Structures are given as C-alpha cells and as structure tokens.
Amino acid sequence: MPLGALGSHGGYRKQEGQRQRGQGEPTWGLPRAKKRLLWTLLLFAFGCSGLYLYGFRVLRHLEGIIPMGICPTATTSLLTDNFTGILRPWARPEVLTCTSWGAPIIWDSTFDPHVAKQEAKRQNLTIGLTVFAVGRYLEKYLKRFLESAEQHFMVDQSVVFYVFTDRPEAVPHMTLGPGRLLRVEPVQGESRWQDVSMARMRTLYEALGGQLGQEADYVFCLDVDQRFTGNFGPEALADLVAQLHSWHYHWPRWLLPYERDKRSAAALSWGEGDFYYHAALFGGNVAALRKLTAHCALGQQLDRERGIEAVWHDESHLNKFFWLYKPTKLLSPEFCWDLQIGWRTEIHHPRLLWEPKEYALVRN
Ligand code: UDP
Ligand code: MN
C-alpha cells in the first residue's frame with residue numbers, strides 16, 4: 001500500500017473519530033461545536049479588552065512615526081519673530097517648524113530664551129494669565145496650577161493672574177514675586193460642565209474689554225487642569241498664539257475631530273482646517289483676543305439658538321476661528337503635553353503637563 005494511501009486512510013479514520021466525538025459525546029455537558037463557539041467568544045472578548053487596555057497605547061507609539069512634514073528652506077530663512085529674533089528651525093529637523101502661511105512653530109532649541117526674555121523686558125510688557133476654576137475644579141487643581149505658574153510662567157516679567165471663580169473666598173492665598181499680582185473675578189456657576197467651559201469665551205471677551213485689557217499687553221488663557229513643569233517664557237508671545245493639540249499633531253487632516261455638522265457655526269468641511277488646536281491654551285495681544293473670544297462666543301450663541309452644540313464645545317469654535325484667522329505663532333506639543341501618550345523622542349522639555357483627568361470627581 002502506498003504510504004500516501006495509508007496516511008489518508010489513517011487521516012480519514014481520525015477525522016471520522018473526531019466527527020463522532022464532536023457530534024456525539026458532550027464535553028462539560030456541551031456539544032463540541034458549542035464549546036468551540038464559547039472558546040471563540042471568550043478569546044474575542046479577551047482580545048477586545050486587551051486592545052482596549054494596551055492596544056491604544058501601542059497605536060499611540062506607532063502614530064509617533066508618522067512624519068509631520070518639513071518646513072521649506074525658503075520659509076526657514078524668513079522665520080523671525082518679535083520676541084525670539086532669528087529662529088533656528090534646522091535645530092529640529094525631525095519635526096515641522098513652520099506653517100504654510102509662514103508662522104513659526106516653536107520647538108525647544110529653535111529659539112534663544114535669553115533673547116526673548118530681554119526683548120520682553122525692553123518692551124516693558126505686562127503679560128496676563130487667565131484661568132477658570134468653577135465648582136470642584138477649584139480645590140482639585142487651582143493651587144497647584146497657580147504655584148507652578150508662579151514658578152515657571154514668564155519669570156522676571158510683569159504678570160497679572162486672573163482667576164475667574166464662583167467662590168472667590170476659596171482661592172488659595174499666594175505669595176507672588178515683585179511685579180506680579182493676582183486678581184480674583186467672580187463668575188456664576190453653571191449646571192453643566194460644558195456650559196462652564198463655553199461661558200469662558202464671553203467672560204474673557206468682557207474682561208479683555210475692561211481692566212484686564214487695560215493692564216495687560218499680551219494674555220494667555222489656560223485650562224486649570226494642568227501644571228507648569230518648565231520655563232514658559234516670552235518665546236511663546238505673539239499677536240495670536242495657538243497650541244498644537246498633543247493628541248493630534250501627527251494625524252492626517254481628515255481624521256482631525258473638527259465639528260462636521262454643517263448647521264454649527266463651528267463647522268469645517270472636509271479639506272478645511274490646518275492643524276487641530278487645543279483650547280487648553282491660547283493667547284495673543286488684547287485686540288486679537290477680543291476678536292477671537294467675540295467670534296467663539298457668538299458662534300456658541302448661534303448654535304444654542306439652533307438647539308445644537310459643537311462636538312468639542314469651545315474648542316470646536318476655536319478651531320474654526322484659527323482656520324479663518326491664522327495664528328501668527330504655534331506652540332509645539334512640548335508646551336502642553338499629556339504624559340498618558342507615553343514617551344516620544346521629539347518631546348524634549350514639557351512646559352505644561354495635563355493633570356490626570358478625574359472627571360468623576362470634578363464634573364457634574
Ligand atoms: N471648568 C471649570 N469648572 C467646570 C468645568 C470647566 O472650572 O465645571 C474650566 C476649567 O478651567 C477647565 C476648563 O474649564 O480646565 C475646561 O474644562 P475641562 O478641563 O474639563 O475640559 P477638557 O480639557 O477635558 O476638554
Ligand atoms: Mn482641560
């Protein structure tokens with residue numbers, strides 16, 4: 001008998017035996033076919049939870065190798081700035097250092113912090129920093145935010161901190177350096193956290209038209225759920241400053257989470273949008289910020305009248321504004337980084353770090 005026939009004969013017998021067992025003998029009280037289905041479902045469930053727990057992290061690492069694009073040499077030589085003087089984009093060849101409209105993207109080592117510091121001093125500037133701490137965000141974040149800001153934000157410059165809160169009496173007492181002061185402004189609480197977040201635009205618009213606008217030349221508007229971890233100096237100053245969102249700076253444009261509902265004032269259609277900017281940090285001179293906050297507050301108002309809300313609230317409207325009116329300076333994700341993303345070679349010295357999101361504790 002040829003060996004092959006023996007093999008196939010033996011194989012046939014084996015299959016036959018399996019088939020009989022599969023159909024006949026129940027295992028743990030279940031027929032074999034059902035047992036296999038159970039195992040498949042179990043493995044699928046394990047696979048899904050594994051992907052959920054670790055997969056995103058792996059994807060985040062892989063995302064880091066998507067190239068950001070290169071600043072053309074013709075633009076590179078023109079990249080100067082009121083505060084940093086000549087920039088050195090070639091110091092960071094692995095990242096994008098300018099925009100298509102010729103604005104610099106500030107990365108570590110592309111500027112001289114001493115030049116910026118001296119220039120801000122020479123211009124005798126006062127720099128505002130606004131932050132909102134409404135409801136439970138106050139006890140959770142405000143103290144660390146302010147202490148770290150006093151240590152790292154615009155060191156040796158004239159600074160005015162503006163804290164907007166529904167509980168002025170609970171704002172921690174701070175000892176501030178010379179030329180630095182803190183003002184506490186009362187605002188009303190809202191029942192939804194989204195409303196607190198969006199209401200900031202109108203409040204800022206009014207404040208910029210009042211005392212804040214009179215005493216500050218440039219202002220940065222920040223979320224409270226972060227802390228300064230490195231020097232955040234005048235290299236960040238410009239007429240209109242936008243922050244690259246640390247979660248999205250490698251993503252292709254069509255994936256960016258802009259508002260896509262055409263009924264919303266914040267809507268961007270496919271093909272629109274330059275970058276995805278983070279609403280946790282924006283800044284500029286007083287006139288530019290008046291325009292920005294007016295635009296966003298109006299967009300939010302129009303949406304409310306139509307009974308809709310943009311997907312990422314004030315951030316969606318901010319992204320629409322920066323599409324229409326291009327920022328004159330972009331800050332790299334080093335300026336506002338989320339440690340959850342994990343280690344990236346291009347992130348040298350983070351200036352601000354997101355605090356862990358504890359929504360269950362702080363949100364209604
Ligand atoms: N905020 C607040 N109280 C609230 C909701 C929001 O003070 O109940 C302020 C706070 O400064 C916060 C910012 O609005 O940092 C934006 O909200 P959040 O940080 O929760 O939004 P996310 O960063 O998650 O988009
Ligand atoms: Mn935040």
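The model shown is predicted, which means the values in this text are computed figures rather than measured ones.
Judged by distance alone, the side chains of S197 and D314 do bring a donor and an acceptor atom under 3.5 Å apart. Inspection of the W247 and D338 side chains reveals an N or O donor paired with an N or O acceptor under 3.5 Å. In this model, a donor atom of one side chain and an acceptor atom of the other lie less than 3.5 Å apart for E63 and W251. S269 and E272 share a side-chain donor-acceptor pair at under 3.5 Å. E147 and Q151 share no side-chain donor-acceptor pair at under 3.5 Å. In summary, the side chains of D108 and H349 do present a donor paired with an acceptor at a separation below 3.5 Å, with no hydrogens or angles considered. For H295 and Q300, the side-chain atoms include no donor-acceptor pair closer than 3.5 Å.
When atom types are taken as modelled, the side chain of Q243 and the backbone of S332 share a donor-acceptor pair closer than 3.5 angstrom. A donor-acceptor pair under 3.5 Å is absent between the side-chain atoms of Q123 and the main chain of L125, judged by distance alone. When atom types are taken as modelled, the side chain of K329 and the backbone of V241 share no donor-acceptor pair closer than 3.5 angstrom. E334 places a side-chain N or O within donor-acceptor distance of the main-chain N or O of H348, the cut-off being under 3.5 Å.
Residues satisfying the ring-ring contact (aromatic ring centres under 6.0 Å, His included) criterion with F164, sequence neighbours excluded, are F132. For the ring-ring contact (aromatic ring centres under 6.0 Å, His included) test, residues two or more places apart in sequence or in another chain that qualify with F335 are F232. A search for salt bridge (charged side-chain N to carboxylate O under 4.0 Å, His left out) contacts involving D166 returns nothing, not counting sequence neighbours.
A centroid separation of less than 6.0 Å is found between the aromatic rings of Y137 and Y141.
For E139 and R167, the salt-bridge test passes: some basic side-chain N is under 4.0 Å from an acidic carboxylate O. The pair R344-E94 fails the salt-bridge criterion, with no side-chain N (NZ, NE, NH1 or NH2) lying under 4.0 Å from an Asp/Glu carboxylate O. Comment: E309 engages R192 in a salt bridge, judged by a side-chain N to carboxylate O separation of less than 4.0 angstrom.
Connection of V219 to V155 is not established within any shared hydrophobic cluster, with ILVMFWY side chains joined at heavy-atom distances below 4.5 Å, either directly or through further cluster members.
Cation-pi geometry between R260 and W270 is met: the NZ or CZ atom falls under 6.0 Å from the ring centre, inside 45° of the normal. Cation-pi contact between R363 and Y359: present, with separation from the ring centre below 6.0 Å and deviation from the ring axis of at most 45°. The cationic group of R351 does not satisfy the cation-pi geometry with F228, failing either the under 6.0 Å distance to the six-membered ring centre or the 45° limit from the ring axis. For the pair K291 and Y325, the cation-pi criterion (under 6.0 Å, within 45° of the ring axis) is fulfilled.
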Listed pairs under 3.5 Å, donor-acceptor, residues 168-178 side chains, sequence neighbours left out:
none

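Residues T229 and H152 have side chains not in contact (no heavy-atom distance under 4.5 Å, counting atoms from C-beta outward). By the 4.5 Å heavy-atom criterion applied to side chains, I106 and L330 are not counted as neighbours. I105 places a side-chain heavy atom less than 4.5 Å from the side chain of T99. When side chains are defined from C-beta on, F153 counts as touching I127, because their heavy atoms get closer than 4.5 Å. In this structure, W312 and E259 have side chains that are not in contact, with every pair of non-hydrogen atoms separated by 4.5 Å or more. With contacts defined as side-chain heavy-atom distances shorter than 4.5 Å, the pair T126/V159 does not qualify. Counting only heavy atoms from C-beta outward, the side chains of K143 and L146 never approach each other to under 4.5 Å. Contact check for T293 versus R200: no side-chain heavy atoms found under the 4.5 Å cut-off.
Of all heavy-atom pairs between A133 and T165, the closest is O-OG1, 2.8 Å. Scanning both residues, C336 and H278, for their nearest heavy atoms gives SG-ND1, 3.8 Å. The two residues T328 and D239 have their closest heavy-atom pair at OG1-N, 3.4 Å. Here the shortest heavy-atom pairing between H317 and A265 reads CE1-CB, 4.2 Å. A279 approaches L318 most closely through the heavy-atom pair CA-CD2, 3.7 Å. Taking all atoms of both residues into account, the shortest heavy-atom contact from G273 to W323 is N-CE3, 3.2 Å.
For residues 91-142, the pairs satisfying disulfide bond (SG atoms under 2.5 Å apart) are C71-C98, with sequence neighbours left out.
When the options Q226, K140, R144 are evaluated for a side-chain hydrogen bond (donor to acceptor under 3.5 Å, both in side chains) with E355, the one that passes is R144. Test R253, H248, E315 against Y276 for side-chain hydrogen bond (donor to acceptor under 3.5 Å, both in side chains) and you get one pass: E315.
L298 shares a hydrophobic cluster with L302; the chain of contacts runs through ILVMFWY side chains whose heavy atoms sit under 4.5 Å apart.
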